[in-house]
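In what follows, every heavy atom counts, from backbone to side chain, and hydrogens, waters and symmetry copies are set aside. Every number for a ligand or one of its atoms is a count from 1 in the order of the listing.
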Amino acid sequence: ETRPRTPVIWLHGLECTCCSESFIRSAHPLVRDVVLSMISLDYDDTLMAAAGEAAERTLEETIEEYRGNYILAVEGNPPLNEDGMFCITGGRPFVEKLRYAAEGARAIISWGACASYGCVQAAAPNPTRATPVHQVITDKPIIKVPGCPPIAEVMTGVITYMLTFDRMPELDRQGRPAMFYGQRIHDKCYRRPHFDAGQFVENWDDENARRGYCLYKMGCKGPTTYNACSTIRWNEGVSFPIQSGHGCIGCSEDGFWDQGSFYDRV
Ligand code: SF4
Ligand code: SF4
Ligand code: F3S
């Protein structure tokens, strides 16, 4: 309670803002407690009250005052074609703003598929050359928290861990927190007994779909997707895509847009 709140700068590049939409719905911990008691969200183009020059001044002041101590959270990615002209923020290419803010950061969190891997804007033929954060910033520790978007409690869980233990969480070979991305959706899926028994949905509206059989033959990517959806679930643990009747499309995996995730049947 006496420790000063850790400053956080949250930038938005090419993205859809649903990582923020997910984040603000965290229930454990409540996002209100994270934002008001744990971190000091000094700059966030989307959530802050200030705009225009006042906002940009806040960014500069935060960087100068907390150089080496703030966490940089990045939602979205920088497009590099045509000198970054496909994403202008604060009057300059986002890639410049990213490099400027990254230089004094203690660590960087890449939120979601956009920042971690590129996501839909980097899908072939990637006309803007949208590029994941770690390929632009190479001299800072980076934590990837993939998903489109990531689970709210995974996002606040990563922040809580960093502030509580004052260190990075253990990362896997791809730079993701092992505690949330150490298992496949398939490993803990409640439909797994049907997979093991060879009981599959063959059409979206068949009898087996009504019985809740395995969605593997409908293209479910749970067997190759590392994420916590089948354990933590979404909306305060209420459900996740497979529970609502649709297979996993592998939204937390690198390049899922180009890997036949959408409605490719087995
Ligand atoms: Fe939106 Fe997905 Fe990108 Fe997050 S990762 S900003 S949800 S497109
Ligand atoms: Fe695995 Fe998907 Fe079947 Fe679940 S629905 S058991 S994740 S293949
Ligand atoms: Fe994404 Fe698959 Fe979870 S589509 S939300 S990783 S179940």
Side-chain angles (χ1 to χ4, degrees), residues 10-25 44-46 73-79 87 94 109-123 130-133 144-155 176 180-202 204 208-209 211-235 237-257 259-266:
W10 189 314
L11 299 184
H12 298 256
L14 279 190
E15 48 94 342
C16 82
T17 308
C18 279
C19 288
S20 290
E21 290 283 351
S22 179
F23 179 76
I24 61 177
R25 284 163 180 78
D44 182 330
D45 340 14
T46 304
V74 186
E75 184 174 351
N77 57 47
C87 185
F94 176 66
I109 302 175
S110 285
W111 290 137
C114 289
S116 298
Y117 300 129
C119 205
V120 63
Q121 59 276 42
T131 305
V133 171
K144 292 182 194 149
V145 186
C148 188
I151 299 169
E153 285 75 17
V154 168
M155 299 175 82
R176 306 171 294 194
F180 296 120
Y181 296 89
Q183 287 187 310
R184 302 170 305 164
I185 304 289
H186 188 64
D187 295 329
K188 291 285 165 62
C189 178
Y190 75 102
R191 296 192 191 219
R192 179 67 183 267
H194 294 301
F195 177 91
D196 293 340
Q199 296 169 326
F200 298 103
V201 176
E202 308 275 351
W204 290 117
N208 291 350
R211 289 188 182 118
Y213 283 3
C214 172
L215 294 158
Y216 182 70
K217 289 189 176 179
M218 302 306 293
C220 179
K221 297 292 183 290
T224 52
T225 301
Y226 287 80
N227 203 346
C229 305
S230 53
T231 49
I232 297 178
R233 306 195 183 194
W234 287 78
N235 302 325
V238 169
S239 187
F240 71 115
I242 290 166
Q243 196 171 338
S244 69
H246 196 287
C248 168
I249 60 171
C251 77
S252 55
E253 289 297 319
D254 191 0
F256 76 98
W257 288 90
Q259 290 178 2
S261 293
F262 290 97
Y263 311 115
D264 257 18
R265 302 273 299 272
V266 175

Practice item. Anything with a heavy atom under 4.0 Å from ligand 2 counts, so go ahead and list those protein residues by chain and number. Key: His186, Cys189, Arg191, Arg192, Phe195, Cys214, Leu215, Tyr216, Cys220, Gly222, Pro223, Ile242
**Study point:** Under-2.8 Å protein N/O/S neighbours of atom 3 (Fe) of ligand 3, ordered by chain then residue number
**Key:** Cys229 SG
Check your understanding: How many angstroms lie between atom CD of Glu202 and atom CG of Leu215, to the nearest 0.5 angstrom?
Key -> 11.0 Å
Practice item. Report the relative orientation of the aromatic rings in Tyr213 and His194; use parallel for angles under 30°, tilted for 30 to 60°, perpendicular for over 60°. Key: tilted
Exercise for review: Could you tell me whether a side-chain N or O of Asn77 sits under 3.5 Å from a main-chain N or O of Val133, the two making a donor and an acceptor?
Suggested key: no
Review point. For the atom pair CZ (Phe195) and SG (Cys220), what is the distance rounded to the nearest 0.5 Å?
Key: 9.5 Å
Check your understanding: With under 30° as parallel and over 60° as perpendicular, where do the rings of Phe200 and Tyr216 fit, or are they tilted in between?
Key -> tilted
Check your understanding: Relative to each other, are the rings of Trp111 and Phe23 parallel, tilted or perpendicular (30° and 60° limits)?
Key -> tilted
Revision key, fill the gap. So SG of Cys189 and CZ of Arg191: to nearest 0.5 Å the spacing works out to 7.0 Å
Without placing hydrogens or testing angles, list every side-chain donor-acceptor pair under 3.5 Å for residues 11-21, not counting sequence neighbours.
from  : atom 1 : to    : atom 2 : distance (Å)
His12 : ND1    : Glu15 : OE2    : 2.6
His12 : ND1    : Thr46 : OG1    : 3.3
His12 : ND1    : Glu75 : OE1    : 3.4
His12 : NE2    : Asp44 : OD1    : 2.7
His12 : NE2    : Thr46 : OG1    : 3.1
Glu15 : OE1    : Thr17 : N      : 2.2
Glu15 : OE1    : Thr17 : OG1    : 2.9
Glu15 : OE2    : Thr17 : OG1    : 3.4
Ser20 : OG     : Glu75 : OE1    : 2.6
Glu21 : OE1    : Arg25 : NH1    : 2.9
Glu21 : OE1    : Arg25 : NH2    : 3.3

Review point. Any donor-acceptor pair under 3.5 Å linking the side chain of Tyr117 with the backbone of Phe256?
Key: no
Practice item. Locate the shortest heavy-atom distance separating Trp10 from Met155; write the atom from each residue and the value. Key: CH2-CE, 4.2 Å
Review point. Between Ser22 (side chain) and Ile151 (backbone), is there a donor-acceptor pair under 3.5 Å?
Key: no
Review point. When you look at Glu253 and Arg176, which way does the salt bridge (charged side-chain N to carboxylate O under 4.0 Å, His left out) test go after all the steps?
Key: CA-CA 11 Å; Glu253 289 297 319; Arg176 306 171 294 194; 3.5 Å; yes
**Study point:** Top protein contact for atom 4 (S) of ligand 3, by heavy-atom distance
**Key:** Ile249 N, 3.2 Å
Review point. When you measure from the side chain of Ser230 to the backbone N and O of Ile185, does any donor-acceptor pair fall under 3.5 Å?
Key: yes
**Study point:** Sub-4.0 Å atoms of ligand 3 with respect to non-hydrogen atoms of Gly250
**Key:** 4 (S)
Exercise for review: Go through ligand 1 atom by atom and flag the ones less than 4.0 Å from a non-hydrogen atom of Gly147.
Suggested key: 5 (S)
**Study point:** From Ser239 atom OG to Arg233 atom CZ, the distance as rounded to the nearest 0.5 Å
**Key:** 7.0 Å
**Study point:** 2.8 Å cut-off (strict), protein N, O or S atoms about atom 3 (Fe) of ligand 1
**Key:** 1
